[in-house]
K.L.:
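Let me give you the structure first, and then I'll get to my questions.
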Protein chains: 2
Amino acid sequence: MDRGSWNGDSMTADARPAAPALTERQEARRRRILHASAQLASRGGFEAVQMREVAEAAGVALGTLYRYFPSKIHLLVATMQDQLQHLHTTLRKRPPAGEDAAQRVAETLMRAFRALQREPHLADAMVRALTFADRGVSPEVDTVSRLTTAIILDAMGLEHPTPEQLSAVRVIEHTWHSALITWLSGRASIAQVKIDIETVCRLIDLTAEPGTGTAREQDRG
Amino acid sequence: MDRGSWNGDSMTADARPAAPALTERQEARRRRILHASAQLASRGGFEAVQMREVAEAAGVALGTLYRYFPSKIHLLVATMQDQLQHLHTTLRKRPPAGEDAAQRVAETLMRAFRALQREPHLADAMVRALTFADRGVSPEVDTVSRLTTAIILDAMGLEHPTPEQLSAVRVIEHTWHSALITWLSGRASIAQVKIDIETVCRLIDLTAEPGTGTAREQDRG
DNA sequence: GCCAAGTCTGAAACTTGTTCTAGATTAGCG
DNA sequence: CGCTAATCTAGAACAAGTTTCAGACTTGGC
């Protein structure tokens, strides 16, 4: 079967491994779809990603597109997963160089932000989809959230964050998403987003408990 | 757009020169529309607010509805303006009683949160509209944002916030919106939202500079 | 090679936000 | 009152997301 719909095996939240062995051609289709989605999004943002056009550009029938991604929101959230994965890989290769955790997180997010600035329409499509998603897309949105959390924790250099630190990370994520929205809708400047990110990152200092080790972890590069 | 009279020192005064002096019946129509919108939203959230149904419930033609509110998003954002205004009035009558600014802000937001919990579907419609709004709705969304800022600054008890404090307030707003979203989409519990709010409010302590006059002790009851 | 089950296609249909049009109603004005 | 411009109404029409279905194609097992 496909990624979009799980067969209703209770409610055991096993959102990930629903990847049941796609055929070569199916994997290729899925990739074509995601590529077409990103391409159209890059051109004209959320509204430019029209399901009929995605299907045509990917060379699949509309029904097939819906079999792979049960809604436009699912499709765009999956697109975001894809992009985030890229980012995560890149970041692991070149970790941020700041001196303390707050600086590294801010630098990481600003780097992500700069990447988004290069494709503002794509950013628009992905972020709008993410915040507009309703309960039906929760597992997928959660995956994106976990990815983002992982990226931030990486930047902090933490293996075993305290609950307090996790709260700070969640607040940072909130700020990140919402600040992006205000930027995308033209209500905040790039400089303002930068300030907001730096401001919220100061929370990290608050939760950095001396003695717990704000430490360099084992090599991750 | 009769919004006439919230006071406060909004330096950028009326961002809406389209003050059209509505007649009695037009004002009544506008009221009926907003009421119908809130009612439908309370029943079934964002998707339950269908323009045809709003029009019918309000007793106006579809074209008229679109004359008053040029899109569903505009309509729901206006609905949110309405509700926020209520909240602001209520809060001014019964200001929060916490000892320091952070506590008062957290209490204020939790009060707002509890109000939203009483009408989760309405909250869903309004918040989703707010974060989904694109550039075309920016002025209206900005009005909501200014209202929210005013509420938070009220809770802090500040007349002349520093830029740093304004940054903190913006981050608090980001967190507030995004935390609501995660709650509405079932990805965070009420308790979690509470924690996030309390966490982000600690930023206020960080920006409270002892010596700049933190308004700590002007008695506010 | 052949069948059964599952998948993909093409096209039409349905839903809901949005736009358009022609005619009725209302507001403002002399 | 009677005129004119603006507004309102009913309803069709259009756009894009989503669903559905019959028939063609693949896949996996024999």
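Below, chains carry the letters A, B, ... as their sequence lines are ordered, and counting in each starts from 1. Scope of the values below: all heavy atoms of this structure, side chains included, with no hydrogens, waters or symmetry mates.
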K.L.:
Relative to the 5' end of DNA chain D, which residue comes earlier, A:Gly63 or A:Arg52, by the nucleotide with the nearest heavy atom?
P.N.:
A:Arg52
K.L.:
Considering only side-chain heavy atoms of A:Gln26, which listed nucleotide, D:dT27, C:dT7, D:dG17, is closest?
P.N.:
C:dT7
K.L.:
By nearest nucleotide on DNA chain D, pick out whichever of B:Gly59 and B:Leu62 is the more 5' one.
P.N.:
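Closer to the 5' end of DNA chain D: B:Gly59.
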K.L.:
Would B:Met51 and B:Leu75 satisfy side-chain contact (heavy atoms from CB on, under 4.5 Å), going step by step from the backbone distance to the final call?
P.N.:
CA-CA 9 Å; B:Met51 298 304 269; B:Leu75 172 58; 4.2 Å; yes
K.L.:
Go through D:dT18, D:dT27, D:dC8 for me and flag the one nearest to the A:Thr23 side chain.
P.N.:
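Side chain of A:Thr23 sits closest to D:dT27.
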K.L.:
Between A:Lys72 and A:Ala129, is there a donor-acceptor pair closer than 3.5 Å when you use the side chain of the first and the backbone of the second?
P.N.:
no
K.L.:
Measure the spacing between OG of A:Ser185 and CG of B:Asp142 and express it to the nearest 0.5 Å.
P.N.:
8.5 Å
K.L.:
Under 3.5 Å, is there an N or O donor on one side and an acceptor on the other linking the side chain of B:Arg29 and the base of D:dT7?
P.N.:
no
K.L.:
Five pairs per end, C1' atoms only: what is the angle between the end axes of the helix from C:dG1-D:dC30 to C:dG30-D:dC1, to 10 degrees?
P.N.:
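Axis-to-axis angle, ends of the helix: 10°.
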K.L.:
Out of B:Ile172, B:Val200, B:Thr182, which one pairs with A:His174 under the side chain to side chain contact (heavy atoms under 4.5 Å, CB included) rule?
P.N.:
B:Thr182
K.L.:
Starting from the C-alpha separation in whole Å, work towards a yes-or-no answer on side-chain contact (heavy atoms from CB on, under 4.5 Å) for B:Arg32 and B:Val60.
P.N.:
CA-CA 9 Å; B:Arg32 289 204 307 276; B:Val60 301; 3.8 Å; yes
K.L.:
Do any of residues 33-44 of chain A sit with a heavy atom less than 4.0 Å from DNA chain C, and if so which?
P.N.:
none
